[in-house]
Amino acid sequence: MTSARAVLDRRRRSRGKTAIGVLLTAVMLFPVYWMLNVSFTPDRDMRKSPPALFPAHATLEGYQAVLDQQLPYLGTSLVVALGTVLLTVALAAPAGFALAKLRPRGGGALNFVLLAAQMIPGIIMAMGFYAVYLSVGLLQSVPGLIIADSTLAVPFAVLIFTAFMSGIPGELLQAAQIDGAGPLRTFWSIVLPMSRNSVVTVSLFAFLWSWSDFVFASTLAGGGAHEPITLGIYHYIGNNNQQWNAIMATAVVASLPAAVILVLAQRYVAAGVTAGAVKD
């Protein structure tokens, strides 16, 4: 009897925790649902009081506005994000390998500098980039945005690569050296293929940071011919502040690439972020 009662109590507690978890999840996801709801709501129903929880007369006008006006911004964001990913991995992966396995002098100081770099406010970095870009002619350009966004991702990426590559057995590298492979060949043929999880993790975060950047975009690309989607939404709100379905439809479309990539890469990210946390 006591055992059966204990089992029932555990089930009740489990159900209570599940209910609380579902409630909290619903609260956190409600803004996402409301964004979807408004994106399908006609303009004439936008100011209803109380607002409708479901779009009674759903319309695709907002998404038509996205196709008509926002595609160039989305294309620029995609190019900048992919360029940021490539540049970040190209710089951070060799640096992480060097810090993890080659043990250069000053490696500890470099790790401290990388940590400190992540604490610098973005607006300060944006002002510095503006002064430099003004001199070299990179203002309002896609390469300028890629370089600026990479500065946010590279310090984090180096730390992730260093932690992951530190766990690669030294015997594998020694075997490669015996076979005549130099550091570059060892990195390219052995270390990098084994670091798939960390590469995916770094690529994901670099993509997300670049895709959602507003500070660098508004400072370095504002008013130019190549503006990312964050500025597209910003301009759209300013110029069409009554068409909230179009604004929310733009936000939905802009969220899709990041959401899809996050879902596809989540298992690699879990392994990549926790790499190096536990040592034998």
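The figures here come from the full heavy-atom set of this structure, side chains too, leaving out hydrogens, waters and symmetry mates. No experiment lies behind these values; they were computed from the predicted model shown.
By the 6.0 Å contact criterion, CZ on Phe30 is enclosed, its count of non-hydrogen atoms from other residues, nucleotides or ligands being greater than 12. The neighbour count for Trp188 CH2, taken as heavy atoms of other residues, nucleotides or ligands under 6.0 Å away, does not exceed 12.
Note: the hydrophobic cluster containing Leu102 does not contain Leu91 (ILVMFWY, side chain heavy atoms under 4.5 Å, direct or indirect links). A continuous path of ILVMFWY side-chain contacts below 4.5 Å connects Leu134 to Ile147, so both sit in one hydrophobic cluster. A continuous path of hydrophobic side-chain contacts links Val154 to Leu145 [ILVMFWY only; heavy atoms under 4.5 Å]. When hydrophobic clusters are built by joining Ile, Leu, Val, Met, Phe, Trp and Tyr residues whose side-chain heavy atoms come closer than 4.5 Å, directly or via intermediates, Val200 is not grouped with Val260. Transitive grouping of hydrophobic side chains (ILVMFWY, heavy atoms separated by less than 4.5 Å) keeps Leu152 and Trp211 in distinct clusters.
Residue Trp244 comes nearest to Val38 through the heavy atom pair O-CG1, 3.8 Å, listed as atom of the first residue, atom of the second, then distance. Phe164 approaches Met194 most closely through the heavy-atom pair CE2-O, 3.2 Å. Among all heavy-atom pairs drawn from Val79 and Ile146, the shortest one is O-CD1, 4.2 Å.
Below 30°, between 30° and 60°, or above 60°: for Trp209 and Phe156 the angle between ring planes is above 60°, a perpendicular geometry. Ring geometry for Phe129 against Tyr133 counts as tilted: the plane angle lies between 30° and 60°, on a 0 to 90° scale.
Side chain of Asp149 to backbone of Ala153: no donor-acceptor contact under 3.5 angstrom is found. Between the Lys101 side chain and the Ile168 main chain, a donor and an acceptor come within less than 3.5 Å of each other.
The side chain to side chain contact (heavy atoms under 4.5 Å, CB included) test with Ser150 is passed by exactly one of Thr88, Val89, Leu86: Thr88.
Atom CG of Leu173 sits about 11.0 Å away from atom CD1 of Ile178, to the nearest 0.5 Å. Here Ser212 contributes atom OG and Phe207 contributes atom CZ; the two are 10.0 Å apart, rounded to the nearest 0.5 Å.
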Problem - Stepwise side chain to side chain contact (heavy atoms under 4.5 Å, CB included) check, Met248 with Thr41 - result: CA-CA 10 Å; Met248 292 303 173; Thr41 302; over 6 Å; no

Handout entry: Worked verdict on Leu262 versus Leu204 for side chain to side chain contact (heavy atoms under 4.5 Å, CB included)
Key = CA-CA 7 Å; Leu262 183 60; Leu204 175 65; 3.6 Å; yes

Practice task
Could you walk me through whether Glu227 and Thr76 pass side chain to side chain contact (heavy atoms under 4.5 Å, CB included), step by step?
Solution key: CA-CA 6 Å; Glu227 295 183 333; Thr76 299; 5.9 Å; no

Problem - Intermediate values then yes/no, side chain to side chain contact (heavy atoms under 4.5 Å, CB included), Thr250 and Ile229 - result: CA-CA 9 Å; Thr250 304; Ile229 189 60; 4.0 Å; yes

